[in-house]
Amino acid sequence: MQESLTITDNRTNTRHEVPLYKGSVRTMDLRKIQTGPDDFGVMGYDPAFMNTASCQSAITFIDGEKGILRYRGYEIEHLAERCSFLEVAYLLLFGELPTSAELKEWVNTITHHTMIHETTKKFLEGFRYDAHPMGMFISTVAALSTVYPEARKVQDPAVRHLQICRLIGKVPTIAAYTYRHSLGFPYVYPDNELAYTANFMNMLWKMVEPKYQANPILARALDILFILHADHEQNCSANVMRSAGSSYADPFVSVAAAAAALSGPLHGGANEEVLKMLDEIGSKDRVPAYIEQIKAGHGKLMGFGHRVYKNYDPRARIVKWTANQVFQVTGRNPKLDIALELERIALEDDYFIKRKLYPNVDFYSGIIYQAMGFKPEMFTVLFAIPRTVGWLAQWQEMLQDPEQKIARPRQIYVGKEARELMPIEKRASRVASLTE
Ligand code: CMC
């Protein structure tokens with residue numbers, strides 16, 4: 001039997017049966033509830049999508065109450081422990097884990113898309129010496145659109161696939177070049193003999209040695225961090241990717257749009273903010289006072305809280321474990337003590353308990369990245385590399401979904417009614433301040 005809701009419209013004293021689809025109301029069905037033939041019908045109103053599913057998706061599953069995260073049905077803990085990042089990328093994009101032959105071919109394909117055109121390299125050179133790496137990353141990914149004009153044929157599966165490979169291959173190169181640019185070092189070309197993260201490290205840190213040797217523990221730690229960051233269902237940037245892509249914009253500019261959304265401090269930019277916060281706190285003994293300040297409404301505890309997780313973020317647990325591996329190579333980041341104290345006190349505090357605020361993935365990732373030698377400005381770029389895979393998986397799924405169309409929300413207009421336009425000399429100033 002079809003499950004449904006019965007809604008009584010008290011305006012007209014009529015009853016309407018609204019079918020339920022997988023426990024949800026299709027808000028288009030509400031439009032049939034009208035006061036008369038001229039009435040537009042009932043709409044859904046949900047600022048910030050607090051309770052609205054914008055799509056059906058088979059990619060990532062999150063149970064925020066239980067702290068569960070799965071990609072294509074596999075637990076994040078199992079993937080992080082047993083798979084490589086490119087293996088997980090294959091899973092997210094194509095729905096199944098690769099066989100060893102499939103993985104070999106996939107790795108080979110991605111490896112042969114790591115170079116960027118020399119003109120794109122020159123484009124990067126045009127940025128100021130102190131340009132923020134995320135701004136350089138976003139702009140350069142968008143600029144790839146000019147290099148591959150055929151990418152606009154987004155409805156052609158073969159064209160789509162090629163751009164997906166290009167993007168996954170090139171984002172580490174662009175990220176590494178933004179880093180080298182900010183240090184004033186020459187760019188390092190990709191080394192096809194190295195694995196994905198080892199090659200990324202080569203492009204970041206190779207100096208005059210003939211062959212870069214990546215530390216295997218650090219390369220594996222980066223691989224794990226990339227797996228953890230690869231997708232997170234309908235987060236702010238994935239939603240932007242789907243929304244930009246729904247107009248059939250090409251994937252390069254769409255990924256740039258998604259990366260722009262990621263750069264904000266409430267989303268991927270939080271890892272950079274965590275480090276600033278730990279610097280501001282300065283020492284363990286100042287943690288209680290800092291927490292009191294947050295509780296009094298002065299700012300937020302960065303790296304804490306999540307729209308979906310109302311339990312410990314499972315990724316944060318793995319990041320904490322990875323931190324210990326990294327510190328065996330790099331030495332312990334002294335900020336860890338402040339972070340641990342912050343977590344300990346916050347988790348015992350009523351304010352945080354009542355609001356179900358736990359550390360999220362960004363709380364510890366910056367501490368690892370800093371121990372590896374990255375400047376905080378690079379942290380969000382390090383998030384954007386693996387998330388490119390998630391954005392592309394979401395984009396592809398959106399384009400293949402027959403129910404999807406150009407994303408175009410409705411609004412409730414609350415502005416002025418139609419009014420007469422006064423000539424400029426008859427207007428009285430009515431705007432008190434342009435900045436408030
Ligand atoms: N510190 C202190 N209070 C907080 C925090 C925090 N980090 N996060 C939420 N709250 C409070 C908030 O003030 C509100 O309190 P009240 O009910 O008294 O008004 C309550 O908790 C609910 O918060 P909300 O803002 O309604 O929750 P949201 O789902 O809209 O926001 C969030 C989620 C992640 C934007 C928010 O928790 C936040 O700003 N956290 C800090 C930034 C951060 O770490 N972002 C990374 C998120 S994970 C990775 C990613 O997505 O990129």
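First listed ligand is number 1; within each ligand, the first listed atom is number 1.
Counting protein heavy atoms only, atom 34 (C) of ligand 1 is closest to Gly305 O, 3.7 Å. Distance from atom 40 (N) of ligand 1 to its nearest protein heavy atom, with residue and atom name: Phe304 O, 2.9 Å. Closest protein heavy atom to atom 33 (C) of ligand 1: Arg307 N, 3.7 Å. Looking only at protein heavy atoms, the nearest one to atom 49 (C) of ligand 1 is Asp362 OD2, 3.3 Å. Closest to atom 7 (N) of ligand 1, if we only count protein heavy atoms, is Leu301 O, 2.7 Å. At the top of the distance list for atom 51 (O) of ligand 1, counting protein heavy atoms only, stands His267 ND1, 3.1 Å. Among protein heavy atoms, the minimum distance from atom 10 (N) of ligand 1 is reached at Leu357 CD1, 3.7 Å. Closest to atom 42 (C) of ligand 1 among all protein heavy atoms lies Met302 CE, 3.5 Å.
The proximity of Leu266 to ligand 1, defined as any non-hydrogen pair under 4.0 Å, involves the side chain as well as the backbone. The proximity of Arg355 to ligand 1, defined as any non-hydrogen pair under 4.0 Å, is limited to the side chain. If you look at His232 next to ligand 1, there are no close heavy atoms at all, none under 4.0 Å. At a heavy-atom cutoff of 4.0 Å, ligand 1 is contacted by the side chain of Phe383 but not by its backbone.
The two residues Ala316 and Tyr364 have their closest heavy-atom pair at O-CD1, 4.4 Å. Closest non-hydrogen pair, Leu204 versus Arg180, comes out as O-NH1, 2.9 Å. Here the shortest heavy-atom pairing between Phe379 and Leu275 reads CE1-CG, 3.4 Å.
Within a 4.0 Å radius of atom 30 (O) of ligand 1, the protein has at least one heavy atom. Using a 4.0 Å threshold on non-hydrogen atoms, atom 23 (O) of ligand 1 does not count as touching the protein. For atom 15 (O) of ligand 1, a protein heavy-atom neighbour is present inside the 4.0 Å cut-off. Contact annotation for atom 19 (O) of ligand 1: protein absent (non-hydrogen atoms, distance under 4.0 Å). Protein heavy atoms are found less than 4.0 angstrom from atom 3 (N) of ligand 1.
Counting non-hydrogen atoms of neighbouring residues, nucleotides and ligands closer than 6.0 angstrom, the OH atom of Tyr248 reaches no more than 12 such neighbours. Counting heavy atoms of neighbouring residues, nucleotides and ligands inside a 6.0 Å radius, atom CD of Glu125 exceeds 12 of them. The 12-atom threshold is exceeded at OH of Tyr312, counting heavy atoms of other residues, nucleotides or ligands nearer than 6.0 Å. Within 6.0 Å of CG on Asp130 lie more than 12 heavy atoms contributed by other residues, nucleotides or ligands.
Ring planes of Tyr179 and Trp205: perpendicular class, angle over 60° (limits at 30 and 60°). Below 30°, between 30° and 60°, or above 60°: for Phe200 and Phe374 the angle between ring planes is below 30°, a parallel geometry.
Looking only at distances, a side-chain donor or acceptor of Asp46 sits under 3.5 Å from a matching main-chain atom of Thr52. In terms of modelled atom types and a separation under 3.5 Å, the side chain of Tyr177 and the main chain of Val188 share a donor-acceptor contact.
The shortest heavy-atom distance from Ile294 to ligand 1 is under 4.0 Å. Ligand 1 has at least one atom lying under 4.0 Å from a heavy atom of Tyr351.
Every atom of ligand 1 with a heavy atom of Ala270 under 4.0 Å away is listed here by number and element: 43 (C), 44 (O), 45 (N), 46 (C). Heavy-atom contacts of Gly268 reach the following atoms of ligand 1: 52 (O) (cutoff under 4.0 Å).
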Check the pair His161 / Phe94 against ring pair (Phe, Tyr, Trp, His ring centres under 6.0 Å), numbers first and verdict last. CA-CA 11 Å; His161 183 76; Phe94 311 117; 5.7 Å; yes
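Salt bridge annotation for Asp349-Lys295: present, with a cationic side-chain nitrogen under 4.0 angstrom from a carboxylate oxygen.
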